[in-house]
Amino acid sequence: MSTVEKGPGHGKARPVLVLPQTPDEPRGVVLMLHGGEVDDVRPLRRWDPSAVVMRVMTEKVAERQPDLAFVRLLNAVGGWNEPIRSPVADAEWALMRLRQLYPGLPIAVVGHSMGGRTAFELAGTQPLAALVGLAPWLADGYGESRFLGLPTLIVHGKADTVTRQDASADLVRRIRVAGGTAGFLSVPGWHSLGFRPAIWQRQVAAFLEHYLP
């Protein structure tokens, strides 16, 4: 079971945090960020494919780490919408609220596709314990310096034609060369990471366990 909280609006649309009722005393918090479109200012619906994909991802990883609080953010609108960067404002509000709800606990961010790009925007600007990008969008658009001091894991499907595996691998390489902590996992499948998902789910769960002790 879960409860929801609504955040500040984008016109008539508002972001929604889906909060778990368990565990009662988590040792850490994981904010899950879904994907979206390049441009889309329509209010996001809970049955939007990107939101459904993230709900499934959240449930499966949470099963492997039952002592962490996995919180899903449903963005107010469906797109990135440069230069507004709609999901970034939603994620910043979500992190502020999570620090109020779970004072003192470490927070990690996991983002799929556009959610991965949102997570990259948060890197270096928010006090995060760890970051996971699942088939993140525009990995080659970010300098490595913002990830120093932030353990980072990027997962990519070998057959992904939506976002670039080579760009994600290069970002990880640049972070490592600069002295940061980063890992890259290439798995069978496509952008949704739905083919043999246990491979990456196991690795992500282990990563979160290590950096949310």
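Since the model is a prediction, treat every value here as computed from it, not as a measurement.
The shortest side-chain heavy-atom distance between Phe70 and Leu208 falls under the 4.5 Å cut-off. Side chains of Leu73 and Val16 form no contact here, defined as non-hydrogen atoms less than 4.5 Å apart. Between His112 and Val53 there is a side-chain heavy-atom pair separated by less than 4.5 Å. Between Leu171 and Asp140, every side-chain heavy-atom pair lies at or beyond the 4.5 Å cut-off. You'll find the side chain of Gln21 reaches within 4.5 Å of the side chain of Thr3, heavy atoms only. Side-chain contact check for Met57 versus Leu134: some heavy-atom pair is nearer than 4.5 Å. Looking at heavy atoms from C-beta onward, Pro127 lies in side-chain contact with Arg99 at the 4.5 angstrom threshold. Between Trp80 and Asp40, the closest side-chain pair of non-hydrogen atoms is not below 4.5 Å.
Val29 and Leu101 fall within a single hydrophobic cluster, where Ile, Leu, Val, Met, Phe, Trp and Tyr side chains are chained together by heavy-atom contacts under 4.5 Å. Cluster annotation: Val61 is connected to Ile199 through the hydrophobic network of ILVMFWY side chains, with a link wherever side-chain heavy atoms come within less than 4.5 Å. Both Leu138 and Val38 are part of a single hydrophobic cluster, where members link through side-chain heavy atoms under 4.5 Å apart. Follow the hydrophobic side-chain contacts under 4.5 Å out from Leu95 and you reach Leu150 in the same cluster. At a threshold of 4.5 Å between side-chain heavy atoms, the hydrophobic network of Ile, Leu, Val, Met, Phe, Trp and Tyr places Val4 and Val71 in two separate groups.
One distance of note links CE of Met54 with CG of Asp48; it measures 12.0 Å at 0.5 Å rounding. Atom CD in Gln126 sits 10.0 Å away from atom CE in Met96 (nearest 0.5 Å). Note: Tyr211 OH to Thr152 OG1 = 9.0 Å, rounded to the nearest 0.5 Å. Interatomic distance, CZ of Arg55 versus CE of Met32, reported as 13.0 Å (0.5 Å rounding). A distance of 9.0 Å separates CD of Glu144 from CG of Asp170, quoted to the nearest 0.5 Å. Distance check: Leu33 CG to Ser113 OG gives 11.5 Å after rounding to the nearest 0.5 Å.
Checking side-chain atoms of Ser192 against main-chain N and O of Trp190 turns up no donor-acceptor pair under 3.5 Å. Counting only distance, with no hydrogens or angles, the side chain of Gln65 and the backbone of Ala205 share a donor-acceptor pair below 3.5 Å. Between the side chain of Trp200 and the backbone N or O of Leu193 there is at least one donor-acceptor pair closer than 3.5 Å. A side-chain donor-acceptor contact under 3.5 Å links Arg146 to the backbone of Phe120. With Arg196 contributing its side chain and Gly189 its backbone, the two residues share no donor-acceptor pair below 3.5 Å. For Asp160 (side chain) and Lys158 (main-chain N/O), no donor-acceptor pair under 3.5 Å exists by modelled atom type. Panel note: side chain Asp90, backbone Ala76; a donor-acceptor pair is recorded below 3.5 Å. Here the side chain of His191 pairs no donor or acceptor atom with the backbone of His156 at under 3.5 angstrom. Distance alone, capped at 3.5 Å, places no donor-acceptor pair between the Ser50 side chain and the His34 backbone.
Considering all non-hydrogen atoms of both residues, Gly7 and Arg14 come closest at O-NE, 2.9 Å. Across all non-hydrogen atoms, the minimal contact from Pro151 to Ala129 is CD-O, 3.4 Å. Nearest heavy-atom pair across Ala135 and Thr163 is O-OG1, 3.2 Å. In terms of heavy atoms, Pro87 sits closest to Met114 at CG-CE, 3.6 Å. Heavy atoms only, all atoms of each residue included: Pro197 and Gly194 are closest at CD-O, 3.4 Å. The minimum heavy-atom distance linking Leu17 with Ala94 is given by the pair CD2-CB, 3.8 Å.
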Kindly determine whether Leu31 and Val110 satisfy side chain to side chain contact (heavy atoms under 4.5 Å, CB included), including the steps that lead there.
-> CA-CA 6 Å; Leu31 177 62; Val110 177; over 6 Å; no
Between Glu121 and Tyr142, does a side chain to side chain contact (heavy atoms under 4.5 Å, CB included) hold up when you go through it step by step?
-> CA-CA 9 Å; Glu121 288 288 312; Tyr142 291 89; 2.6 Å; yes
Applying salt bridge (Lys or Arg N to Asp or Glu O under 4.0 Å), run through Arg72 and Glu5 and close with a yes or a no.
-> CA-CA 11 Å; Arg72 285 187 295 122; Glu5 288 199 9; over 6 Å; no
Please walk me through it: do Phe147 and Ile175 pass side chain to side chain contact (heavy atoms under 4.5 Å, CB included)?
-> CA-CA 7 Å; Phe147 298 90; Ile175 295 170; 3.6 Å; yes
Taking it one step at a time, do Phe184 and Gln165 satisfy side chain to side chain contact (heavy atoms under 4.5 Å, CB included)?
-> CA-CA 10 Å; Phe184 179 75; Gln165 180 176 202; 3.4 Å; yes
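Just one residue in the list Leu98, Val109, Leu68, Val204 forms a side chain to side chain contact (heavy atoms under 4.5 Å, CB included) with Val30, and that residue is Leu68.
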